[in-house]
**Student:** 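Next up is a structure, given as structure tokens.
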Number of protein chains: 2
Amino acid sequence: MKPTIKMIAEQTGVSTATVSLVLNNRPGVSEETRKRVKETITKLNYFPKRSASQLARKQTGNIGFIIWEDHFSEIEMFYSQCFLGMELAARDSDYYILLTTVKLDFKIPSNLPRFLRYDDVDGVVLAGRVPHNLVSMLEKRKIPFVLLDYELPGKNHHKVLVDNFQGAYTAVQELANSGRKNIGFIGGSSDHPSIKERYRAYLAANHDLGLLSDENQKDYVYARNKEITPEIGRDGIRKLLTGDIPLDAVFCANDTLALGALDELKRQKIDVPGKIAIVGFDDIYAGRYHAPPLSTVRVPKVELGKEAYKLLVEVINNPKQISQTRTISVDCLCRETS
Amino acid sequence: MKPTIKMIAEQTGVSTATVSLVLNNRPGVSEETRKRVKETITKLNYFPKRSASQLARKQTGNIGFIIWEDHFSEIEMFYSQCFLGMELAARDSDYYILLTTVKLDFKIPSNLPRFLRYDDVDGVVLAGRVPHNLVSMLEKRKIPFVLLDYELPGKNHHKVLVDNFQGAYTAVQELANSGRKNIGFIGGSSDHPSIKERYRAYLAANHDLGLLSDENQKDYVYARNKEITPEIGRDGIRKLLTGDIPLDAVFCANDTLALGALDELKRQKIDVPGKIAIVGFDDIYAGRYHAPPLSTVRVPKVELGKEAYKLLVEVINNPKQISQTRTISVDCLCRETS
DNA sequence: CTGAAAGCGCTTACAG
DNA sequence: CTGAAAGCGCTTACAG
């Protein structure tokens, strides 16, 4: 029979109140008593029942993790890794994490995740692009939340971001340092803030390094505003190559695009990095195992998740805390395509 | 103030017991009363508090989803999709799913997932390769569980499997139907039952179709017993090509291998599928967007997860149910590499 | 520092 | 068919 707090109390010869104080590391118990309680806890291998303490404490002990369905299932492992980071961080605490996906055409209340509909979470992390009406709803219901790798323009929210600007800037800088002078850009999905940032940094770096003149800038840029696939990368490099411009490097807004570009270059038998260097962004699995391995900007995805978790817990414990942004630094990882 | 069952009872003019019966769709309430209760529930937008009913019911309402850390983070989206299927299925019911990863060198109790240590799940799904001592522990503690895409040799467990044999057999058959006569095999990680099955089917199909003689069989097979990467695929095709044997097709044990092989063929400028056809297995995202798109055996991952969920719920409701295997059929998806 | 007791919000025999 | 009441296993004022 599973031990209860009552059994611990009886065995130790104290009240359940005292046991509870010990369990939760709270003051008001003599060292001597505390020690004896702990001993019987160990002896009987006791642990408190979650649902009981939740009920008494009026908490759920859960954190929600919400992600756009397409991001979770089709794109690279990016957000799964973030989730893993959250899970790892949560292991040191008491929260369970409830992962669910949403569609972008989000209707309230029919599409509301169960844990939101039934008030089963103490807070929520929203990873990547999410429906804006969902965010508004969380604000309205005053549910603590943190945005992960996403932001809404003109809004103050708690968020954890990748330093996209610095990452992209560094990438272009590294290309320039290795002697490249004519650096193209392949982008896409410009409604995603991250991609936009990377583009801004590309322009800024080129400007700062005195590489691109304003007038030929547009010949060096290819961007389609739709979901990113390798196809866009292939189209992009093709377009840049037929552009009748000198070109010795391309910075791609992410690895998926870079992989597509590399594939097309291989098909056209253009030497990489001999003739053209390619650098991506994100450091996805497929890039690591590509032949040749893709140079990229490494994003610490697990750490991103951990940070989001930590921030959310702080917000839960202090809901009126003024909103903040935590920006995680990234490194350029020079492998064999640059 | 959030409504409770007591408020519903008072407003309707019945007891909380009656409200509870209505909530759980249980008999013993007149249609008239049931209707009135439901009305006030809707009016007050009431829903029962999970922790309270869990406590009273002595259930947790949670299901655990356990997966090897490397599988979750490094390999293709396979198991994430299975998880998604589970999540989708769970939405129609009342369970929350707790996802956690484990390492393969698993120590009890230090590495035990929290939800297992604290008895916070009613059952568990184990996806892909998992530590065997974990499985033994679940058996010993009589926790209901289902294996997903994995099995332990010589053991009876509830499990949901892919029809690897039929899938691989069909793939070879299709290659033969399109005129290929000399079909190689690239495998790896032969301690994984699925890969082994696919290899068995490859041999059986060749035998049944009268393609390979027993003596030259081994010249057509390349398999390394380590974690599968594109690298092994590249090595494999290189090895087969230098084997001084006629070769017009290769069946790869999964898409990752196939992608590696395709890459090497492109580098060697060997026409696919003109000279050599390639077929993989799994239907991963990267294969779909490869140029040319990879022919493969499509595995319905979401359905796999849904089925595992359904089976587990059945087992939870009837723990002594005799163990069973559900095998999910797969189709050969002929795209442009065959 | 410690204990008796109420309370968290449900479910489930049991009696009528 | 319906209600009063006990019970699930914790936490938290409150009194001493």
Side-chain angles (χ1 to χ4, degrees), chain A residues 1-41 44-62 94-96 117-122 317, chain B residues 1-41 44-62 94-96 117-122 317:
Chain A
M1 153 113 200
K2 248 200 84 180
T4 65
I5 198 173
K6 209 170 142 202
M7 294 167 67
I8 302 295
E10 280 165 4
Q11 289 261 337
T12 321
V14 295
S15 72
T16 60
T18 302
V19 177
S20 179
L21 290 179
V22 173
L23 279 173
N24 297 292
N25 282 315
R26 289 248 272 272
V29 185
S30 73
E31 269 320 308
E32 149 70 11
T33 313
R34 192 180 296 271
K35 186 156 149 280
R36 279 173 44 229
V37 170
K38 280 188 173 169
E39 275 167 12
T40 54
I41 286 178
L44 301 194
N45 186 29
Y46 165 77
F47 43 86
K49 175 165 274 190
R50 232 178 139 69
S51 51
S53 51
Q54 281 166 8
L55 180 59
R57 230 191 289 235
K58 293 163 174 293
Q59 287 185 171
T60 72
N62 298 324
D94 256 337
Y95 286 106
Y96 283 137
R117 176 160 26 214
Y118 301 132
D119 286 335
D120 279 333
V121 288
D122 298 332
N317 293 332
Chain B
M1 154 113 202
K2 249 199 83 183
T4 65
I5 199 173
K6 208 169 144 203
M7 295 167 66
I8 302 295
E10 281 166 3
Q11 289 260 336
T12 321
V14 295
S15 73
T16 61
T18 302
V19 178
S20 180
L21 290 178
V22 173
L23 279 173
N24 297 292
N25 283 315
R26 289 247 272 273
V29 185
S30 73
E31 268 319 309
E32 150 70 10
T33 312
R34 192 180 296 270
K35 185 156 152 280
R36 278 174 42 229
V37 170
K38 281 189 172 167
E39 276 167 12
T40 53
I41 286 178
L44 301 194
N45 185 30
Y46 165 77
F47 42 86
K49 174 163 276 189
R50 230 178 140 72
S51 51
S53 52
Q54 282 165 8
L55 180 59
R57 230 191 289 235
K58 293 164 174 295
Q59 287 184 169
T60 72
N62 297 325
D94 256 337
Y95 286 106
Y96 284 136
R117 177 163 21 214
Y118 302 130
D119 285 334
D120 280 332
V121 289
D122 297 333
N317 292 332

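Quick caveat: nothing in here was measured; it's all calculated off a predicted structure.
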**Student:** Please tell me which of the listed nucleotides, D/dG7, D/dT11, C/dC1, lies nearest to the side chain of B/A56?
**Tutor:**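 Per side-chain heavy atoms of B/A56, the pick is D/dG7.
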**Student:** Look through every strand shown and name the nucleotide pairing with D/dA4 as Watson-Crick or G-U wobble, where both distances are under 3.5 Å.
**Tutor:**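 Pairing partner: none.
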**Student:** Select base, sugar-phosphate, or nothing to describe what A/R34 touches, counting heavy atoms under 4.0 Å on all strands.
**Tutor:**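 Nothing: the residue A/R34, judged by heavy atoms under 4.0 Å, touches no strand.
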**Student:** Atom NZ of A/K58 to atom C1' of C/dA6: distance rounded to whole Å?
**Tutor:**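 Nearest whole value for this atom pair: 13 Å.
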**Student:** The side chain of A/S30 lies closest to which of these nucleotides: D/dC10, C/dC1, D/dA5?
**Tutor:**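 Taking heavy atoms from C-beta onward, the closest nucleotide is C/dC1.
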**Student:** Checking contacts here: which listed nucleotide (D/dG3, D/dT2, C/dG3) is nearest the side-chain heavy atoms of B/S15?
**Tutor:**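 Of D/dG3, D/dT2, C/dG3, D/dG3 is nearest to the side chain of B/S15.
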**Student:** Compare the minimum distances between each of D/dA4, D/dT11, C/dG9 and the side chain of B/A17, then state the nucleotide with the smallest one.
**Tutor:**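 Of D/dA4, D/dT11, C/dG9, D/dA4 is nearest to the side chain of B/A17.
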**Student:** Just so I know, are the side chains of A/K49 and B/L55 near enough to count as touching, which here means a heavy-atom distance under 4.5 Å?
**Tutor:**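 With C-beta onward as the side chain, the pair touches.
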**Student:** Measure the distance from CD on B/Q54 to P on C/dT12 and round it to the nearest whole Å.
**Tutor:**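 It works out to 13 Å between those atoms.
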**Student:** Using OP1 and OP2 only, check whether a side-chain N or O of B/T18 sits under 4.0 Å from D/dG3.
**Tutor:**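 Result: yes.
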**Student:** Whole angstroms only, please: what is the CZ-C1' distance between A/R50 and C/dC8?
**Tutor:**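 Rounded to the whole Å, the gap is 17 Å.
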**Student:** Toward the 5' end of DNA chain C, which comes first, A/T33 or B/S53, by nearest nucleotide?
**Tutor:**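 Checking each residue's closest nucleotide, the 5'-ward one belongs to A/T33.
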**Student:** Under a 3.5 Å limit for both distances, which nucleotide forms a Watson-Crick or G-U wobble pair with C/dA13, could you say?
**Tutor:**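 In the structure as shown, C/dA13 has no Watson-Crick or wobble partner.
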**Student:** Just compare C/dC10, D/dT11, C/dG3 and give me whichever is closest to any side-chain atom of A/R57.
**Tutor:**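 In terms of side-chain proximity for A/R57, the closest of C/dC10, D/dT11, C/dG3 is D/dT11.
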**Student:** Give a yes or no on whether A/K2 atom NZ has more than 12 heavy-atom contacts from other residues, nucleotides or ligands under 6.0 Å away.
**Tutor:**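 Enclosed.
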**Student:** Just wondering, do A/L23 and A/Y46 contact through their side chains at under 4.5 Å, heavy atoms?
**Tutor:**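 Yes, their side chains come closer than 4.5 Å.
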**Student:** Relative to the 5' end of DNA chain D, which residue comes earlier, A/Y46 or B/V14, by the nucleotide with the nearest heavy atom?
**Tutor:**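 Final value for this comparison: B/V14.
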**Student:** Is the closest basic N to carboxylate O distance between B/E39 and B/K35 below 4.0 Å?
**Tutor:**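 A salt bridge is present here (some side-chain N lies under 4.0 Å from a carboxylate O).
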**Student:** I would like to know whether A/T60 and A/D120 meet side chain to side chain donor-acceptor pair (under 3.5 Å); could you show each step before the answer?
**Tutor:** CA-CA 6 Å; A/T60 72; A/D120 279 333; over 6 Å; no
**Student:** Between C/dT11, D/dT11, C/dG9, spot the one nearest the side chain of A/I5, thanks.
**Tutor:**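 Taking heavy atoms from C-beta onward, the closest nucleotide is D/dT11.
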**Student:** Would you mind reading off the distance between B/L55 atom CG and D/dC10 atom P, rounded to a whole angstrom?
**Tutor:**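 Result: 9 Å.
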**Student:** Does B/R26 make a side-chain N or O approach to OP1 or OP2 of C/dT12 shorter than 4.0 Å?
**Tutor:**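 Indeed, a polar side-chain atom of B/R26 lies that close.
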**Student:** What integer distance in Å separates A/N24:CG from D/dT12:P?
**Tutor:**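 Taking atom P of D/dT12 as the reference, CG of A/N24 is at 7 Å.
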**Student:** What is the distance from CD of B/E32 to P of D/dT2, rounded to the nearest Å?
**Tutor:**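 Computing the B/E32:CD to D/dT2:P distance gives 8 Å.
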**Student:** Calculate, to the nearest 0.5 Å, the distance between atoms OG and CZ belonging to B/S30 and B/R36 respectively.
**Tutor:**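 Taking OG in B/S30 and CZ in B/R36, the distance rounds to 8.0 Å.
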**Student:** Using whole Å, what does the distance between atom C1' of nucleotide C/dG3 and atom CD1 of A/I8 come to?
**Tutor:**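 Going from A/I8 (CD1) to C/dG3 (C1'), I get 17 Å.
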**Student:** Starting at atom CG of A/L23, determine the distance to atom P of D/dT12, rounded to an integer number of angstrom.
**Tutor:**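 One finds 12 Å between P of D/dT12 and CG of A/L23, rounded.
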